[in-house]
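Heads up, the thing below is written out as structure tokens.
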Amino acid sequence: MKNLFSFILMLGFGLICQAQEKPKYDEALAKKLGADNYGMKMYVLVILKTGLNTTATKAQTDSLFKGHMANIEKLAKENKLIVAGPLAKNEKQYRGIFILNTKSLEEAKNWLTTDPAVSAKLLDAEIFNWYGSAALPEYLPYHDKVQKSSH
């Protein structure tokens, strides 16, 4: 009985391992996305935090943040911005993140100058190189399919 139980256990384990076969490698997609041998690539991670400008009026702030949202959409359409989103309130005054589709910190800084909220110092940006899945941009076409309304 013990041998039968061991056999069934081993058979089940073998079937699970077989069912978890690695998907087929798509060389053309990997090349298109700039993937290395691990399916990864370098990006720039931006952490947006509250900036030094504390004198802007509500009307100015509203206008600058409207421009901030428009700039996010523009950078995403240009395939420069891969991920963007706000952070929950926190003691570090971090407000949101971007993942930019470049490995160049200098290029990322240039792209950030197109953001009116960053340029007006309502937001400040800390930037870092970040190594992540090269497939990350592939989720973007699906976002419109799950977004019921816009900002």
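Starting from 1, each residue takes its place in the sequence as its number. Note: hydrogens, waters and symmetry copies are ignored here, and every other heavy atom, side chains too, is used.
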Go through the steps for Tyr43 and Val83 under the test side chain to side chain contact (heavy atoms under 4.5 Å, CB included), then give the verdict. CA-CA 11 Å; Tyr43 296 94; Val83 172; over 6 Å; no

Worked check of side chain to side chain contact (heavy atoms under 4.5 Å, CB included) between Asp124 and Val118: CA-CA 6 Å; Asp124 189 24; Val118 173; over 6 Å; no

Take Met69 and Ile72 through the side chain to side chain contact (heavy atoms under 4.5 Å, CB included) test and state the conclusion after the steps. CA-CA 5 Å; Met69 296 307 294; Ile72 287 172; 4.1 Å; yes

Evaluation steps, side chain to side chain contact (heavy atoms under 4.5 Å, CB included), between Thr113 and Lys109: CA-CA 7 Å; Thr113 64; Lys109 288 176 188 175; 5.9 Å; no

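Remark: side-chain polar atoms of Asp26 are not paired, donor with acceptor, to backbone N or O of Lys24 under 3.5 angstrom. For Asn53 (side chain) and Thr55 (main-chain N/O), a donor-acceptor pair under 3.5 Å exists by modelled atom type.
Between Lys66 and Asp62 there is no salt bridge, since none of the side-chain N atoms of the basic residue sits less than 4.0 Å from a carboxylate O of the acidic one.
Of all non-hydrogen atoms in Ala84 and Phe98, the two that sit nearest each other are CB-CD2, 3.7 Å. For Leu48 against Leu123, the heavy-atom pair with the smallest separation is CD1-CD1, 4.2 Å. Residues Leu100 and Ala108 share a closest heavy-atom pair of CD1-CB, 3.7 Å. Contact between Leu33 and Ala135 at its shortest, heavy atoms only, is CD1-CA, 3.9 Å. Here the closest non-hydrogen pair linking Ala125 and Val46 is CB-CG1, 3.8 Å. The shortest non-hydrogen separation linking Gly34 to Ala134 is C-CB, 4.5 Å.
Residue Val44 is not grouped with residue Met40 when hydrophobic side chains (ILVMFWY) are merged at heavy-atom distances under 4.5 angstrom, including chains of intermediate members. Residues Leu81 and Met42 do not share a hydrophobic cluster, clusters being chains of Ile/Leu/Val/Met/Phe/Trp/Tyr side chains in contact below 4.5 Å.
Here the side chains of Arg95 and Thr50 are in contact, with some heavy-atom distance below 4.5 Å. Side-chain contact between Lys58 and Thr61 is absent, with no heavy-atom pair separated by less than 4.5 Å.
The distance from the CG atom of Leu105 to the CG atom of Asn129 is 4.5 Å, given to the nearest 0.5 Å. Of the inter-residue distances, the one linking Lys77 atom NZ with Leu75 atom CG reads 11.5 Å to the nearest 0.5 angstrom. We find the CG-OG1 distance between Leu64 and Thr57 to be 8.5 Å, quoted to the nearest 0.5 Å. A distance of 16.0 Å separates CD1 in Ile97 from NZ in Lys49, rounded to the nearest 0.5 Å. Between atom CH2 of residue Trp130 and atom CD1 of residue Ile47 there is a gap of 12.0 Å, rounded to the nearest 0.5 Å. In this structure, NZ in Lys92 is found 12.0 Å from CG in Leu87, a value given to the nearest 0.5 Å.
Glu107 meets the salt bridge (Lys or Arg N to Asp or Glu O under 4.0 Å) test with no other residue; sequence neighbours excluded.
Residue pairs satisfying the side-chain hydrogen bond (donor to acceptor under 3.5 Å, both in side chains) criterion with at least one member in residues 27-40, sequence neighbours excluded, are listed as follows: Asp36-Tyr131.
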